[in-house]
Amino acid sequence: MSLDELPHKKLASSEGIQFARSDSRFRSLSPAPIPIPTAPSFRSLVDPVSDERVNHDTVTSHESEIGSGSISTVSSTVSSVESEKAAYEFLAQTPIKSTDAHLVEFSEAMRTVAKALRRVAEGKAAAQAEAEEWRRKYELEMAHKQQRKIKGYGSCANNELEKLASQLTLETPASDQAGCCGNHGICSHEVLQDESPGPNPRSSHKLVSRKASFRLSWGCNGDKNGQHKHDFVSFEKGDITTAERSNKQILLKWESSPQTVLFITKPNSNSVHVLCAEMVRWLKEHKKINVVVEPRVSKELLTEDSYYNFIQTWDDDEEKKMLHTKVDLIVTLGGDGTVLWAASLFKGPVPPVVAFSLGSLGFMTPFPSEQYRDCLDNVLNGPFSITLRNRLQCHVIRDAAKDELETEEPILVLNEVTIDRGISSYLTYLECYCDSSFVTCVQGDGLIISTTSGSTAYSLAAGGSMVHPQVPGILFTPICPHSLSFRPLILPEYVTLRVQVPHNSRGQAWASFDGKDRKLLSPGDALICSISPWPVPTACLVDSTTDFLRSIHEGLHWNLRKSQSFDGPRD
Ligand SMILES: NC(=O)c1ccc[n+]([C@@H]2O[C@H](COP(=O)([O-])OP(=O)(O)OC[C@H]3O[C@@H](n4cnc5c(N)ncnc54)[C@H](O)[C@@H]3O)[C@@H](O)[C@H]2O)c1
Ligand SMILES: Nc1ncnc2c1ncn2[C@@H]1O[C@H](COP(=O)(O)OP(=O)(O)OP(=O)(O)O)[C@@H](O)[C@H]1O
């Protein structure tokens, strides 16, 4: 039998090469005699015609063995050793080495091509997002210009422009808010009406339309003297000094009496329902306040007693959108989830929130429900401290969206937006940019982009720091990152963050907003977040800092430890 007729001779592919080699190693480790010598398979590795370097002696000895058909331990071992030697000699020769080298070169080239393709895809996504942001900036600028023009003609509103202004995220409202109510502080007419989103305020049969005005001023160390805010940085005489801190206590003082209170209550709770009915009655009888409740609560109260005929509610989304133009104060009865729910009803400005605690933790609910009369008295008379809680405005931009019109409505969150892997078993793979700078790639269970108010919620559970709610910042907290060095970050409040699911991500990701409204993010989709110009003003029981510290002590039992005993040495 000639070598070329042997069964393995056609194994000339790279797969064949690997198979033949491992076959040889396996054989050399085997203690038992091998009935059919495998050396011919090595022979088959090279072209029998062109290769001149084959060891013919070795091959001949195998040929004779096969020809005799005898299986002798000695002869097979000897021939095996010889054939193995031949094989190793053979392997050391250049054709195989060069085949290996070519394969390595080829796979490296493929990797380079894949990298280049990915960079192109990323570049395209980044350019799209950047173009999108510039367009927004341009439109915001135009909107402000138009608004200024319109105000000059004595009109306060313009539907389209207001809608635009409410959707744009990249800039905070103009700081020169000296207007109808004087030159200092912030006037509610401007915050709550002039820049309101949606259509013009219009009268509604269901809801009262007059709104109380108030003024915000910056207090000093809790001193309620109405001291005004000065420039944060002064350049006098060429020296840079920080003249005033930005996060002074903020006081709210009514300029006319509040008339309308909106109640937002936790559902499915009898104690909340009973308290709500009692508070509504008290406000009506003792304070002559108009009360607005959610449609569900309206039904419940009316079913119970026709006495509650005076309460108002809304019928449709259009009326709901106009709530901020009618409501002076929001009262929430429940836990933190109820405050989040109340905030989510307002896509633009939010009236001050007085949160009564009827939940288990109550980080944002400082008012004790048992003392509601005193608490409401104080708030309705004013002045009272508020915490201005920033919200994040989040836009989902789909890869398939051809232009801005196809992007989805922005979502405002008070706590955080979470991007996680949902039910996917793959690591989330997220590319993160801050303005136009690359931040990092998240590989892990996900990422939390949190406000400072949300710093004590999910972000805290994922290892983020607790931050006072009036610190102007955005928290960037990974969830179970698969990297030892991925520590949480806190970024300044003026940045815009973009989280992109890259095209080469193995799986999809899910975004959820204050723990609700999950949205699927497919490869190529992006989420853009920046601080919204519409914060949630929450009334403080004492002041912002005292309330925050009380919450971390009483709610989270922060750093609670038994004190060490000190009984002193014996005299
Ligand atoms: N592992 C976690 O800690 C985890 C997981 C998912 C969601 N959450 C949080 O739950 C929030 C939704 O709240 P919910 O009441 O609708 O859901 P829920 O009923 O599941 O309550 C979540 C818990 O988080 C607390 N909480 C909410 N906001 C807080 C805040 N700003 N500071 C401190 N604690 C806060 C609530 O008091 C409640 O005890 C999400 O925004 C998210 O922050 C936390
Ligand atoms: N007015 C509302 N309508 C619909 N859902 C609401 C409303 N208020 C609260 N919720 C939801 O009810 C759930 C529970 O509310 P909340 O967190 O206030 O109560 P809790 O769980 O008793 O308080 P805590 O979280 O402090 O224990 C939350 O998921 C919240 O989103």
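All values derive from a computational prediction rather than experimental measurement. Indexing begins at 1, ligand by ligand and atom by atom, following the structure's order.
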Does the distance from a Lys or Arg side-chain N to an Asp or Glu carboxylate O, for Arg518 and Asp420, drop under 4.0 Å? yes
I want to know if ligand 2 touches Gly335 in the polar sense, i.e. an N/O pair below 3.5 angstrom. yes
Residues in side-chain contact (heavy atoms from CB on, under 4.5 Å) contact with Pro535, at least two apart in sequence or another chain: Leu388, Asn390
Rounded at 0.5 Å granularity, tell me how far CZ in Arg391 sits from CG in Leu414. 7.5 Å
Return the residue, atom name and 0.1 Å-rounded distance of the protein heavy atom closest to atom 27 (O) of ligand 2. Ser360 OG, 2.4 Å
Would you mind writing out a table of all protein N or O atoms found under 3.5 Å from any N or O atom of ligand 1, naming both atoms and giving the distance to 0.1 Å?
from     : atom 1 : to     : atom 2 : distance (Å)
ligand 1 : 15 (O) : Gly337 : N      : 3.4
ligand 1 : 28 (N) : Asn415 : ND2    : 2.9
ligand 1 : 31 (N) : Asn415 : OD1    : 2.9
ligand 1 : 31 (N) : Ser453 : O      : 3.1
ligand 1 : 32 (N) : Thr456 : OG1    : 2.8
ligand 1 : 37 (O) : Asp336 : OD2    : 2.7
ligand 1 : 41 (O) : Asn415 : ND2    : 3.1
ligand 1 : 41 (O) : Glu416 : OE1    : 3.4
ligand 1 : 41 (O) : Glu416 : OE2    : 2.5
ligand 1 : 43 (O) : Glu416 : OE1    : 2.4
ligand 1 : 43 (O) : Glu416 : OE2    : 3.4
ligand 1 : 43 (O) : Tyr458 : N      : 3.1

Looking only at protein heavy atoms, which one is nearest to atom 9 (C) of ligand 2, and how far off is it? Thr338 OG1, 3.4 Å
Specify the protein heavy atom at minimum distance from atom 14 (C) of ligand 2: its residue, its atom name, and the distance to 0.1 Å. Lys266 CD, 4.2 Å
Whether over 12 other heavy atoms sit under 6.0 Å from Arg487 CZ: no
Do the side chains of Ile289 and Gln259 get nearer than 4.5 Å, heavy atoms only? no
Give the atom numbers and elements of ligand 2 that come within less than 4.0 Å of a heavy atom of Thr265. 1 (N), 2 (C), 7 (C), 8 (N)
With respect to Ile264, determine whether any N or O atom, backbone or side chain, lies less than 3.5 Å from an N or O atom of ligand 2. no
Going by the rule side-chain contact (heavy atoms from CB on, under 4.5 Å), which residues pair with Lys266 if we only count those two or more places apart in sequence or in a different chain? Ser269, Val272, Thr338
By number and element, which atoms of ligand 2 are closer than 4.0 Å to a non-hydrogen atom of Pro267? 2 (C), 4 (C), 5 (N), 6 (C), 7 (C), 8 (N), 9 (C), 10 (N)
A student checking ligand 2 against Gly359 at a 4.0 Å heavy-atom cut-off should list atoms 22 (O), 23 (O), 26 (O)
Show every ring pair (Phe, Tyr, Trp, His ring centres under 6.0 Å) that has at least one partner inside residues 325-360, sequence neighbours left out. Phe356-Phe367
Between ligand 2 and Leu361, is the shortest N or O to N or O distance under 3.5 Å? yes
